Peer 1: 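Structure incoming, see below.
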Amino acid sequence: MKVGIIVNSDMAVASWQYNCILKLRNRKIIFFVSNEENSNFQIKNNYIKNFIYYIINVVSIRQKKRKINLSSFKDYSVKNISYKTDSKNWQHFNSESINIILQEKPDFIYKCGMKLLKISDQLKFIPMLSHHHGDPSKFRGRPAGFYEILKGEKRLGQIVQILSNRLDAGQIISYGETSIYPWSYRKTLNDAYNASPLIFEKALKNLESGIIINKEKNGTNYKLPSNYLGIFFIFREISNLIERIIYGIFYEKYWNVGYCNKFLIKNIDTPIEIFDYIHSKSSNFSSLSVFKKYKFYADPFILDSKIILEGLDKKSRKGDLLLIDINTNAIIESFNLKGRHLSYPYTNKSLNKTFIYPDSGDLNNLLIFQTNKNIFKQRSKILSFRKGLTDPSVLEHEGLFFLFANYPDEKCILRLWVSSDPMFSDSEEHPESPVCISPLGGRSGGRIFVFGKKIYRFGQDFSGAYGNGLILFEINSLTKNNFSETAISSFKFKDSLKGPHNIDFSSDIITWDYYHEKFNLLAGINRIISKF
């Protein structure tokens, strides 16, 4: 396959774009180096009208540039092309440049340079890929993330599109979302740009398969903000930062685990009713009493008739794994790794054995327990992954084992692995992985289960406060080569009760975690201690 890449005359691109280009390095590449011809309508920035925005740009946005190192590519050529700018700031290739592109016959072109490109009739049959950092159903134009923060949005969408001559309204071949941090424009954009190479990689697969994402593209076409909006943006971001600092110094989340041992799964007609059941018990349910050594309990899973969970040690500020008898509230067994945090002890029965897959994001490798009389005695480190995994969740389906999890540096990027055995000794990352790039469900939130003949999973809602709500997904297709899912419901407690963050159930027990926010003069000190 032959790929064209449009770059500016200095051959420099943003770091995140460079990482996208590296995904094309094994293909035959033509670098189309664009040069602007003399024109009466060259684009000029209005530094007076948008002065405040440019200050924000320098402080928060400015992306590092990397000059393309041609030695990184096996098979490449370089062609110079030229363009002119019209009175509406659209840029047009001249006839000679169009002929150069046509002679090279690229299968598609990745646009990393120039600004608003007007696609001529001769080039319309060559897909031209471009990024837009914004959900085009709401936010077209620029700047990325600015108006989303200004309007209080919870998520920043982004697309890879096949360019058309309508701004940010081309055919969408990949879509993802990242978190918005209302107190930090820089962090918001860093999250978005870090996800861009993964979204680009999925776009390449979808382009090859002819898959188009059905999404509206009729959002408002925004332009650079006025100085008034720039000042308002700064004050809003500062106020959000002050609010966050006050919360961090004086407030803490007090987690605990709720359960009901009169739950009967046979009385549930649809999986959505699991949310309805928990809601009906929101003011009348049993909670575990937290043993005095621990600050809180969270991440509950069912092991036979008991609950296995995380207990946060008050002294070490690290998570221990605890097996709790819900009838006596006693700790039957416990496990910790000195100086390491363990949580989310996902349980799965297979081959007449029970396996526990705890969160190993604080470790170098995935940790798996194979239970016997002492459930924590037989443990294994699995070297198939580049590091430990966050919130690993496992399902056995049609003779294969599927593992949903995140790498610790990918908070809301849910990956999927497949293996022939529950120890994942021969695991391979699924061809559709990552399967979810979004704060809505991009991290597991409990049991993956089969109901009727369909598969469902819980995903965390990261669009607001951490741990405050879940999304229920129906997995439409799950094979060694295919995956698709649909969000079908969501749930969070109301008023002072927050959550749930995790749900598990058996035929007669259901459990979940929740939290209250409370004032604590030592909250800030506790947060500092937990970092060490």
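Model, not experiment: these values are computed from the prediction.
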Peer 1: Please confirm whether Trp512 and Phe301 have ring centers closer than 6.0 angstrom.
Peer 2: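 Not close enough - the centres of the two rings lie 6.0 Å or further apart.
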Peer 1: Any chance you could measure Ser477, atom OG, to Phe483, atom CZ, to the nearest 0.5 Å?
Peer 2: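 Interatomic distance, Ser477 OG to Phe483 CZ, rounded to 0.5 Å: 8.5 Å.
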Peer 1: Establish, yes or no, whether a centroid distance under 6.0 Å links the rings of Tyr466 and His501.
Peer 2: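 They qualify: ring centres under 6.0 Å apart.
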Peer 1: Listing request: all salt bridge (Lys or Arg N to Asp or Glu O under 4.0 Å) pairs with a residue in residues 346-360, at least two apart in sequence or in separate chains.
Peer 2: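 Of all non-adjacent pairs touching residues 346-360, those that pass salt bridge (Lys or Arg N to Asp or Glu O under 4.0 Å) are Asp304-Lys349.
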Peer 1: May I ask you to say whether Glu252 pairs ionically with Lys295, meaning some side-chain N is under 4.0 Å from a carboxylate O?
Peer 2: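 Yes, this pair counts.
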Peer 1: Give the minimum heavy-atom separation between Ser179 and Thr188, together with the two atoms involved.
Peer 2: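 Ser179 and Thr188 have their closest heavy atoms at O-CG2, 4.0 Å.
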Peer 1: What distance do Thr270 atom OG1 and Ile488 atom CD1 have between them, rounded to the nearest 0.5 Å?
Peer 2: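 Interatomic distance, Thr270 OG1 to Ile488 CD1, rounded to 0.5 Å: 7.5 Å.
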Peer 1: Taking the side chain as C-beta and beyond, is there a heavy-atom pair between Asp320 and Phe335 under 4.5 Å?
Peer 2: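 Result no, sub-4.5 Å side-chain heavy-atom pair not found.
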Peer 1: Does the ring center of Tyr456 lie less than 6.0 Å from the ring center of Phe458?
Peer 2: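 That pair fails the under 6.0 Å test.
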Peer 1: Does NZ or CZ of Lys28 lie under 6.0 Å from the centre of the six-membered ring of Tyr76, at an angle within 45° of the ring axis?
Peer 2: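 The answer is no, since Lys28 fails at least one limit relative to Tyr76.
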Peer 1: Do the two ring centres, one from Phe505 and one from Phe449, sit under 6.0 Å apart?
Peer 2: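 Yes: the rings meet the under 6.0 Å criterion.
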Peer 1: So, do Ile455 and Ile448 sit near enough that their side-chain heavy atoms are less than 4.5 Å apart?
Peer 2: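 Side-chain contact under 4.5 Å: yes.
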Peer 1: Taking only residues two or more places apart in sequence or in another chain, which ones pass side chain to side chain donor-acceptor pair (under 3.5 Å) with Asp508?
Peer 2: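 Here the qualifying residues are Ser506.
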Peer 1: Can you check whether Leu24 reaches Leu204 side chain to side chain, under 4.5 Å on heavy atoms?
Peer 2: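 In short, these two side chains touch, coming nearer than 4.5 Å.
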Peer 1: Mind checking ring-ring contact (aromatic ring centres under 6.0 Å, His included) for Phe263 and listing every partner two or more places apart, or none if nothing turns up?
Peer 2: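 If we apply the ring-ring contact (aromatic ring centres under 6.0 Å, His included) test to Phe263, skipping adjacent residues, the hits are Tyr277.
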Peer 1: Indicate whether the side chain of Ser287 and that of Tyr514 have a donor and an acceptor atom separated by less than 3.5 Å.
Peer 2: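 The criterion, which ignores hydrogens and geometry beyond distance, is satisfied for Tyr514 and Ser287.
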Peer 1: Applying side chain to side chain donor-acceptor pair (under 3.5 Å), can you list everything that pairs with Asp391, at least two apart in sequence or on another chain?
Peer 2: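 Scan of Asp391 (side chain to side chain donor-acceptor pair (under 3.5 Å), adjacent residues dropped) gives Arg443, Gln460.
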Peer 1: Any side-chain donor paired with an acceptor under 3.5 Å for Ser130 and Gln161?
Peer 2: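 Gln161 and Ser130 do not have a side-chain donor-acceptor pair below 3.5 Å.
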Peer 1: Is it the case that atom NZ in Lys411 sees more than 12 heavy atoms from other parts of the structure closer than 6.0 Å?
Peer 2: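 It does: Lys411 NZ has more than 12 such atoms within range.
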Peer 1: Please name the residue in the list Leu264, Ile326, Asp504 that meets the side-chain contact (heavy atoms from CB on, under 4.5 Å) test with Ile509.
Peer 2: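 Only one of Leu264, Ile326, Asp504 forms a side-chain contact (heavy atoms from CB on, under 4.5 Å) with Ile509, namely Ile326.
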Peer 1: Is a side-chain donor-acceptor pair under 3.5 Å present for Thr479 with Asn481?
Peer 2: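 Result is no, nothing qualifies.
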Peer 1: Got a sec, which residues hit side chain to side chain donor-acceptor pair (under 3.5 Å) with Ser490, two or more places apart in sequence or on another chain?
Peer 2: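 Partners of Ser490 by the side chain to side chain donor-acceptor pair (under 3.5 Å) criterion come out as none, since no residue qualifies.
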Peer 1: Enumerate the ring-ring contact (aromatic ring centres under 6.0 Å, His included) contacts for residues 426-445, please, sequence neighbours excluded, ordered by first and then second residue.
Peer 2: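 Found none.
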Peer 1: Which residue is it: Arg340, Lys318, Lys293? I am looking for the one with a salt bridge (Lys or Arg N to Asp or Glu O under 4.0 Å) to Asp313.
Peer 2: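 Single pass found, and it is Lys293.
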Peer 1: Do you know the tightest heavy-atom contact between Ala405 and Pro392?
Peer 2: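 Looking at all heavy atoms of both residues, the closest pair is CB-CA, 3.8 Å.
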Peer 1: State whether the number of non-hydrogen atoms from other residues, nucleotides or ligands found under 6.0 Å of Asn364 atom CG is greater than 12.
Peer 2: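 Atom CG in Asn364 is not crowded, with 12 or fewer foreign heavy atoms closer than 6.0 Å.
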Peer 1: Holding to ring-ring contact (aromatic ring centres under 6.0 Å, His included), I want the full list of residues that pass it with Tyr110, two or more places apart in sequence or in another chain.
Peer 2: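 For Tyr110 the ring-ring contact (aromatic ring centres under 6.0 Å, His included) partners, ignoring immediate neighbours, are His131, Phe200.
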Peer 1: Going by heavy atoms in the side chains, are Lys217 and Ile172 under 4.5 Å from each other?
Peer 2: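 SC-SC contact between Lys217 and Ile172 confirmed.
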Peer 1: Would you mind reporting whether Asn468 and Asp461 have side-chain heavy atoms less than 4.5 Å apart?
Peer 2: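 Side-chain contact under 4.5 Å: no.
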Peer 1: Measuring only between side-chain heavy atoms, which start at C-beta, is Tyr346 closer than 4.5 Å to Ser393?
Peer 2: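 Yes, their side chains come closer than 4.5 Å.
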Peer 1: With side chain to side chain contact (heavy atoms under 4.5 Å, CB included) as the test, would you mind laying out the steps for Ile503 and Arg447 before giving the verdict?
Peer 2: CA-CA 6 Å; Ile503 292 176; Arg447 177 68 52 192; over 6 Å; no
Peer 1: When you compare the side chain of Asp299 with that of Leu309, does any pair of heavy atoms fall below 4.5 Å?
Peer 2: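 A side-chain contact under 4.5 Å is absent here.
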Peer 1: Can you check whether Ile368 reaches Met423 side chain to side chain, under 4.5 Å on heavy atoms?
Peer 2: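 With C-beta onward as the side chain, the pair touches.
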Peer 1: For Glu517, I'd like to know if atom CD has over 12 heavy atoms of other residues, nucleotides or ligands within 6.0 Å.
Peer 2: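 Correct, the count exceeds 12.
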Peer 1: Would you mind listing every salt bridge (Lys or Arg N to Asp or Glu O under 4.0 Å) that reaches into residues 413-422, with sequence neighbours excluded?
Peer 2: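 Residue pairs with at least one partner in residues 413-422: Glu410-Arg415, Arg415-Glu429.
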Peer 1: Hey, does the Lys NZ or Arg CZ of Arg457 hover above the aromatic six-ring of Phe473, less than 6.0 Å from the centre and inside 45° of the axis?
Peer 2: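 Satisfied, under 6.0 Å and within 45°.
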Peer 1: Is atom NZ of Lys215 surrounded by more than 12 heavy atoms (other residues, nucleotides or ligands) closer than 6.0 Å?
Peer 2: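 Yes - once you tally the heavy atoms of other residues, nucleotides and ligands closer than 6.0 Å, there are more than 12.
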Peer 1: Any side-chain donor paired with an acceptor under 3.5 Å for Ser137 and Glu216?
Peer 2: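 Distance-only check fails for Ser137 and Glu216.
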Peer 1: Using a 6.0 Å cut-off, check whether atom NE2 of His279 has over 12 heavy atoms from anything other than its own residue.
Peer 2: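 Counting neighbours around NE2 of His279, 12 or fewer heavy atoms of other residues, nucleotides or ligands fall under 6.0 Å, so no.
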Peer 1: Can we say Arg27 and Asp107 salt-bridge, meaning some charged N sits less than 4.0 Å from an Asp/Glu carboxylate O?
Peer 2: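 Salt bridge: no.
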Peer 1: By ring-ring contact (aromatic ring centres under 6.0 Å, His included), which residues pair with Phe451, not counting sequence neighbours?
Peer 2: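 ring-ring contact (aromatic ring centres under 6.0 Å, His included) check on Phe451 returns nothing, list empty.
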Peer 1: Less than 6.0 angstrom separating the ring centers of His133 and Phe139, yes or no?
Peer 2: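 For His133 and Phe139, the ring centres are not under 6.0 Å apart.
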Peer 1: Check for me whether the distance between the ring centres of Tyr357 and Phe369 falls short of 6.0 Å.
Peer 2: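 Not under 6.0 Å, so no.
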Peer 1: For Trp183, enumerate each residue passing the ring-ring contact (aromatic ring centres under 6.0 Å, His included) test, keeping only those at least two apart in sequence or located in another chain.
Peer 2: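 Trp183 satisfies ring-ring contact (aromatic ring centres under 6.0 Å, His included) with Tyr181 only.
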Peer 1: How long is the straight-line distance from CD of Glu177 back to CZ of Arg155, given to the nearest 0.5 Å?
Peer 2: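 Separation between the atoms: 4.5 Å.
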Peer 1: Let me know which of Phe385, Phe402, Phe424 forms a ring pair (Phe, Tyr, Trp, His ring centres under 6.0 Å) with Trp417.
Peer 2: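 The passing option is Phe385.
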Peer 1: Tell me, yes or no, whether the heavy-atom count around Lys480 atom NZ, taken from other residues, nucleotides or ligands under 6.0 Å, exceeds 12.
Peer 2: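 Not more than 12 within 6.0 Å, no.
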Peer 1: Ignoring hydrogens and angles, state whether a donor on the side chain of Thr486 or Asn476 is under 3.5 Å from an acceptor on the partner side chain.
Peer 2: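 Side chains of Thr486 and Asn476: pair found under 3.5 Å.
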Peer 1: Which pair of heavy atoms, one from Ile5 and one from Cys112, lies closest together, and at what distance?
Peer 2: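 Where Ile5 meets Cys112 most closely, the heavy atoms are CG2-SG, 4.2 Å.
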Peer 1: May I have all residue pairs that pass side chain to side chain donor-acceptor pair (under 3.5 Å) and include part of residues 325-336, sequence neighbours excluded?
Peer 2: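 Pairs touching residues 325-336 that pass the test: none.
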Peer 1: Counting heavy atoms not belonging to Lys454, are there more than 12 under 6.0 Å from its NZ?
Peer 2: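 No, the 6.0 Å shell around NZ holds no more than 12 heavy atoms from other groups.
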Peer 1: When you compare the side chains of Gln158 and Ser196, does any donor N or O come within less than 3.5 Å of an acceptor on the partner?
Peer 2: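 Result is yes, a qualifying pair exists.
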Peer 1: Mark yes when over 12 heavy atoms from residues, nucleotides or ligands other than Tyr251 sit less than 6.0 Å from its OH; otherwise mark no.
Peer 2: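 No, not enclosed.
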Peer 1: Please determine if Arg66 forms a cation-pi arrangement with Tyr18, meaning its NZ or CZ atom is less than 6.0 Å from the six-membered ring centre and no more than 45° off the ring axis.
Peer 2: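 Here Arg66 passes the 6.0 Å and 45° test against Tyr18.
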Peer 1: Per the salt bridge (Lys or Arg N to Asp or Glu O under 4.0 Å) rule, what does the pair list look like for residues 181-204, sequence neighbours excluded?
Peer 2: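 Matches after skipping sequence neighbours: Lys23-Glu201.
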